[in-house]
Engineer: 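Dropping the structure in here first, questions after.
Numbers restart at 1 for each chain; the letters A, B, ... are given by sequence-line order, proteins then strands.
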Amino acid sequence: MSKPSLARGTRDFGPAQMSKRNYIFDMIRRVFQRYGFLPLETPAIENLSVLMGKYGDEGDQLLFKILNSGNFAEGLTETQLQEGYKKLTLKVSEKGLRYDLTVPFARYVVMNRSDLVMPFKRYQIQPVWRADRPQRGRYREFYQCDADVVGTDSLLCEAEIVLMIHEVLRGLGMESFTVKINNRKILSGIAEVIGAPGQEGPMCVAIDKLDKIGKEKVEEELKERGFSAETIEKLQPIFELTNNQTDIFSSLRVWLEGSEIGSKGITELEEVWAKVDKFGLSQPQLQLDVTLARGLSYYTGAIFEVKANEVQIGSISGGGRYDNLTGTFGMPGLSGVGISFGVDRIYDVMEELKLFPENQSISTQVMITNFDADAEAYGLGILRQLREAGINAELYPDASKLKKQFDYADRKLIPYVLIIGSDEIQTGILSLKNMKSGEQQKLGLEHILSIFA
RNA sequence: GAGGUUGUAGCUCAGCUGGUUAGAGCGUCGGUUUGUGGUUCCGAAGGUCGCGGGUUCGAACCCCGUCUCCCUCCCCA
């Protein structure tokens, strides 16, 4: 017999946690539906050919691979065993656990292209798995709540994403957050302007750390990544841009004047801002952050990231536009944009800020006591009537001491206990006890039903 | 994938430079006389000291390995 344990980076969610989590899920689902998104679920397991190569080399490493069933080592030769685990893995594993919801969604779209109404808007709430090293706010199994639109490159979608983020977070009581937006085209433009076209990838990795390690360390890292002193010098404006939101667009436009793609990126973002404004969102918590990069390599247009201002934790939501995600599955030219909420982190933030409403864990409203066989028989009839009236009710299963029964109700936070003994059976007048105040009154069933109506 | 750290009862932790039967608080369970919980009081159960190996007359304590927790890097929700 061995002690039970959880797999690394995974958690159980007990009843109390589940009701809080469901509170978040329900909010997100409601908002997604309000914006016209339809539900989709895909399998936990995907063929590795679907997953590999979509998240960069890092991502491939973080994929959980599933060992082939049966004799997976069958047919392996001595030389293949010598080649190292990376090549060997592909021989013994053909399937893996999904790493995010976007790639499986792209696969679904390609496989069902003829049936889908375009533009296709879907939402998906399911767990994903990453063979990452666990840390605060990082788990190996966690839920993502995605909403994506494919089949249109309208910037209205980007604007709606901004609106949904505000609606979800405000709906949950989180007032202080920042929606950071950038555009990959702007990053390309910057790379062009400083004389390092096509180098935006490594440039972003360094710049992304600005708020963490500071300007000098970023310059150091850029140097290490092969950027010349001259290009770094030309990059200087970026360090001033983030601080000043008021005229960031105009300064950015001047800076990227020489870059066609960069200017296009700016125009796109301005349009997003304008649409959000037209919608009438009050006090948008929107910030253009030219240092925002995001690792996933498939993004091509707008990129989003949301941070909780009052809690030190990674981003609680992120997303962006990808112009050619379905291209790798043989369906080019389909543009999409999406957003993903990280419930686990939102949960942690809400817990820390005490934003969960009280009474979330109450499920049973009334518990009927159990004295003896007669009282139980009588109680069953009452139980049926309570339940038919839509009241969550239960009858204590054993004729234990009342102390024990009350203790049970107390610990389950059941607000009312209905006491049924011989007196009550005779008169039909039942004793209803309010567990919080301790008050007890004798009432007819009709009256009791009306209390909970 | 690289580096650091942690691991003793269900939980939070004590346990002196290695020395007999490993402790506390909280929690759990039972009782405090037969129809009333959240407060007292009394009592009990519960640990192969993460796991495996080694050093020693003797290891919770020292050494090695391994797993886990947390942290930094990487990356990300």
Engineer: Can you tell me whether the side chain of A:R133 and the base of B:C71 have a donor-acceptor pair closer than 3.5 Å?
Structural biologist: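 Looking at the base of B:C71, it does not pair with any donor or acceptor on the side chain of A:R133 (distance under 3.5 Å).
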Engineer: Assess the side chains of A:Q441 and A:S431: does a donor N or O sit below 3.5 Å from an acceptor N or O?
Structural biologist: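 Absent: no donor and acceptor within the cut-off.
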Engineer: Would you confirm whether the ring centroid of A:F356 sits within less than 6.0 angstrom of the ring centroid of A:Y347?
Structural biologist: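 Under 6.0 Å, so yes.
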Engineer: Looking at B:U36, does its base get a donor-acceptor pair with the side chain of A:K403 below 3.5 Å?
Structural biologist: no
Engineer: Which part of the nucleic acid, if any, lies within reach of A:E58 when heavy atoms closer than 4.0 Å are counted: base, sugar-phosphate only, or nothing?
Structural biologist: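 Answer is sugar-phosphate: A:E58 comes under 4.0 Å of backbone atoms only.
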Engineer: Pairs counted as Watson-Crick or G-U wobble with both distances under 3.5 Å: what dot-bracket string results for RNA chain B, using | for bases tied to another strand?
Structural biologist: ((((..(..((((.....[...)))).((((.........)))).....(((((..]....))))))..))))....
Engineer: Across the strands shown, which category fits A:Q405 at heavy-atom distances under 4.0 angstrom: base, sugar-phosphate, nothing?
Structural biologist: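 Counting heavy atoms under 4.0 Å across all strands, no contact is made by A:Q405.
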Engineer: Among residues at least two apart in sequence or on other chains, which ones pass ring pair (Phe, Tyr, Trp, His ring centres under 6.0 Å) with A:F177?
Structural biologist: A:H166
Engineer: B:G37 base stacked by A:Y408? Criteria: ring centres under 5.5 Å, plane angle under 30°.
Structural biologist: no
Engineer: So, A:F32 versus A:Y123, ring centres under 6.0 angstrom or not?
Structural biologist: yes
Engineer: What does A:Y143 touch in the nucleic acid at a heavy-atom separation under 4.0 angstrom: a base, only the sugar-phosphate, or nothing?
Structural biologist: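 Nothing, no heavy atom under 4.0 Å.
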Engineer: Between A:V306 and A:N434, just flag the one whose closest nucleotide in RNA chain B comes earlier from the 5' side.
Structural biologist: A:N434
Engineer: Going by the ring pair (Phe, Tyr, Trp, His ring centres under 6.0 Å) test, which pairs reach into residues 429-452 of chain A, not counting sequence neighbours?
Structural biologist: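 Qualifying pairs: A:Y416-A:F452.
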Engineer: Run the side-chain donor-acceptor check on residues 334-346 of chain A: report pairs under 3.5 Å with partners two or more places apart or on a different chain.
Structural biologist:
from: A:S335; atom 1: OG; to: A:R321; atom 2: NH1; distance (Å): 2.6
from: A:S335; atom 1: OG; to: A:D323; atom 2: OD1; distance (Å): 2.7
from: A:S340; atom 1: OG; to: A:D146; atom 2: OD1; distance (Å): 2.7
from: A:D344; atom 1: OD1; to: A:R11; atom 2: NH1; distance (Å): 3.2
from: A:D344; atom 1: OD1; to: A:R11; atom 2: NH2; distance (Å): 2.6
from: A:D344; atom 1: OD1; to: A:R21; atom 2: NH1; distance (Å): 3.1
from: A:D344; atom 1: OD2; to: A:Y143; atom 2: N; distance (Å): 3.0
from: A:R345; atom 1: NE; to: A:G137; atom 2: O; distance (Å): 2.7
from: A:R345; atom 1: NH1; to: A:S315; atom 2: O; distance (Å): 3.0
from: A:R345; atom 1: NH2; to: A:G137; atom 2: O; distance (Å): 3.1

Engineer: Hey, what are the protein-to-nucleotides 25-30 of chain B N/O distances that come in under 3.5 Å?
Structural biologist:
from: B:U28; atom 1: OP1; to: A:R411; atom 2: NH1; distance (Å): 3.2

Engineer: Quick test: give all pairs of protein nitrogen or oxygen and nucleotides 66-69 of chain B nitrogen or oxygen below 3.5 Å, distance rounded to 0.1 Å.
Structural biologist:
from: B:C69; atom 1: OP1; to: A:G9; atom 2: N; distance (Å): 3.2
from: B:C69; atom 1: OP2; to: A:R8; atom 2: NE; distance (Å): 3.1

